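Reckoned from all heavy atoms, side chains included, excluding hydrogens, waters and symmetry mates. Just so you know, these numbers come straight off a predicted model, no measurement behind them.
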2 protein chains.
Amino acid sequence: MTEQSGVSTQQIVERVWLSIAERRLRPGVQLKEGQLATIFDVSRARIRQALVALERDGLVMIIPNRGAFVCQPSVDEARDVFFVRRAVERRIVERLCQSISKVNVARLRTHISKERTANTQNVTTDIIKLSGGFHLLLGEVAGSDFLFATMRDLIARSSLITAVYRNTNRFNCGPDEHAEIVEAIARGDVSTATKLMEHHLEHVETELDLSEIRDLPHDLRSALA
Amino acid sequence: MTEQSGVSTQQIVERVWLSIAERRLRPGVQLKEGQLATIFDVSRARIRQALVALERDGLVMIIPNRGAFVCQPSVDEARDVFFVRRAVERRIVERLCQSISKVNVARLRTHISKERTANTQNVTTDIIKLSGGFHLLLGEVAGSDFLFATMRDLIARSSLITAVYRNTNRFNCGPDEHAEIVEAIARGDVSTATKLMEHHLEHVETELDLSEIRDLPHDLRSALA
DNA sequence: GTCTGCATTATTGTAGACAATAATACCTAA
DNA sequence: TTAGGTATTATTGTCTACAATAATGCAGAC
């Protein structure tokens, strides 16, 4: 390493990811390699790696010979993300009800308490990270690395969707609903836990503005609206 | 392009993917960049891209400063892949029962006929591609690009798992079970269709040798066994 | 005879330079 | 004045060379 640059690929990914989730980077804007390389003071090669990783998470879209752009997920895609989440997370909850260790229950409860403090202190960055982190943790304690990776992918896409389509000021996915789910799991109450999870995800989805009208704009129309 | 090399990144991915699915590349073997660059007569840069893509599909594992290795999915991961598949594909079938166009039913039937001919002619390459392709097609006709991408990911991982853990000579995922599912969907028979799909996936999974004993070997132990 | 430390070799990681492509501005002609 | 074509600019794609790291082999000491 000739230069021993300060930021790793992972750090670049995190920074961009957060900027998108916080709506500082709007969908459709181009992420130019040279620009990013200057900002982060690294070579373009590393930026390219970061962009590929971001594409993998569904946050940016790479068009050959054109460049990388922040994704504008369509309404259909947004719906399908939640479609898959309902399918998967329901079964995760099911599995956890059947067998969860006390240690993991404690981990979930600890996480929720963190969510609560972040909410009361109103730290946007933490709220975003932790609310998604709860579902991520569910995947982590429920199974293998693959399940965790799957959840990671789904959460990343959900974050983008939330950033694009949310119409309220408050971030959804509050800690109270999470707490209910955890307690149902701790009791081993399968039917309640699964119902709560499905309702929770439906709740999150319905809070978004997924009216079909917003499906048209891809880059130009949104500017003209 | 100074050299205008003959093979694209995508082609490299396909070739490696097939080699893994056909068990010509065994789990654990290292895919050295220089070696592959020589074989495909392209620069290492392009090989790196291909390897990143293969990692994204869960077929190879990239260890920093070490290299890329063909994945040896653990038994737990294998189980979770089918866990997610059961969750997602059940709901896909559900959705298709509620609304599927005649055109798409025809596409599914056409695909199955292709599967049958490949099976009678016993062309291994085609059998592998088509049997996975059926599930892929289900994802395609059921929803958005995201759903298709999700299924693509799951099928790729399943292929590797099948390659690693199958103990019979025959490839599972036969066209007969597929046909039954399609006909149930065409009738709009939700309960039958979903049951068939769940049984089909369970069937595929149970045909594998997922006994816990094989969970230990990661590279060395398997050689000593 | 075996273990530890060092030198060598091989492989990956990174950067920088160059080529190709797409977008833009400008100029000319109708 | 506008349409079309051309030249320029900017951005991405690729390759090659070099640096850093990990693995390997070898030698020497205990």
Listed by chain and number, what are the ring pair (Phe, Tyr, Trp, His ring centres under 6.0 Å) partners of B:Phe134, not counting sequence neighbours?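 With neighbours one apart ignored, the set is B:His178.
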[X] side-chain N/O to [N] phosphate OP1/OP2 under 4.0 Å:
X       : N      : answer
B:Arg66 : D:dA22 : no
A:Gln49 : C:dG13 : no
A:Arg44 : C:dA15 : no
A:Gln35 : D:dT11 : no

Counting C-beta onward and ignoring hydrogens, is there a side-chain heavy-atom pair between A:Val141 and A:Arg107 closer than 4.5 Å?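 Answer yes - side chains close enough.
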With a 6.0 Å cut-off on ring centres, are A:His135 and A:His111 close enough?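 Between A:His135 and A:His111, the centre distance exceeds or equals 6.0 Å.
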Output the single nucleotide from [options] whose closest atom is nearest the side chain of [X].
X       : options                : value
A:Lys32 : C:dA22, D:dT11, C:dA15 : D:dT11
A:Ser43 : D:dG13, D:dT14, C:dA15 : C:dA15
B:Arg48 : C:dT12, D:dC15, D:dA23 : C:dT12

Apply side chain to side chain donor-acceptor pair (under 3.5 Å) to residues A:Asp153 and A:Thr150 and explain how you reach the verdict. CA-CA 5 Å; A:Asp153 185 69; A:Thr150 302; over 6 Å; no
What integer distance in Å separates [X]:[atom1] from [N]:[atom2]?
X       : N      : atom1 : atom2 : answer
A:Phe40 : C:dT14 : CZ    : C1'   : 18 Å
B:Arg46 : D:dT12 : CZ    : P     : 18 Å
A:Asn65 : C:dA19 : CG    : P     : 17 Å
A:Leu51 : D:dT11 : CG    : P     : 14 Å
B:Ile62 : C:dT14 : CD1   : P     : 12 Å
A:Glu33 : D:dT12 : CD    : P     : 5 Å
A:Ile63 : C:dT21 : CD1   : P     : 18 Å

Pairs flagged by salt bridge (Lys or Arg N to Asp or Glu O under 4.0 Å) wherever residues 108-118 of chain B is involved - sequence neighbours left out: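 Listed once each, the pairs are B:Arg109-B:Glu183, B:Arg116-B:Asp176.
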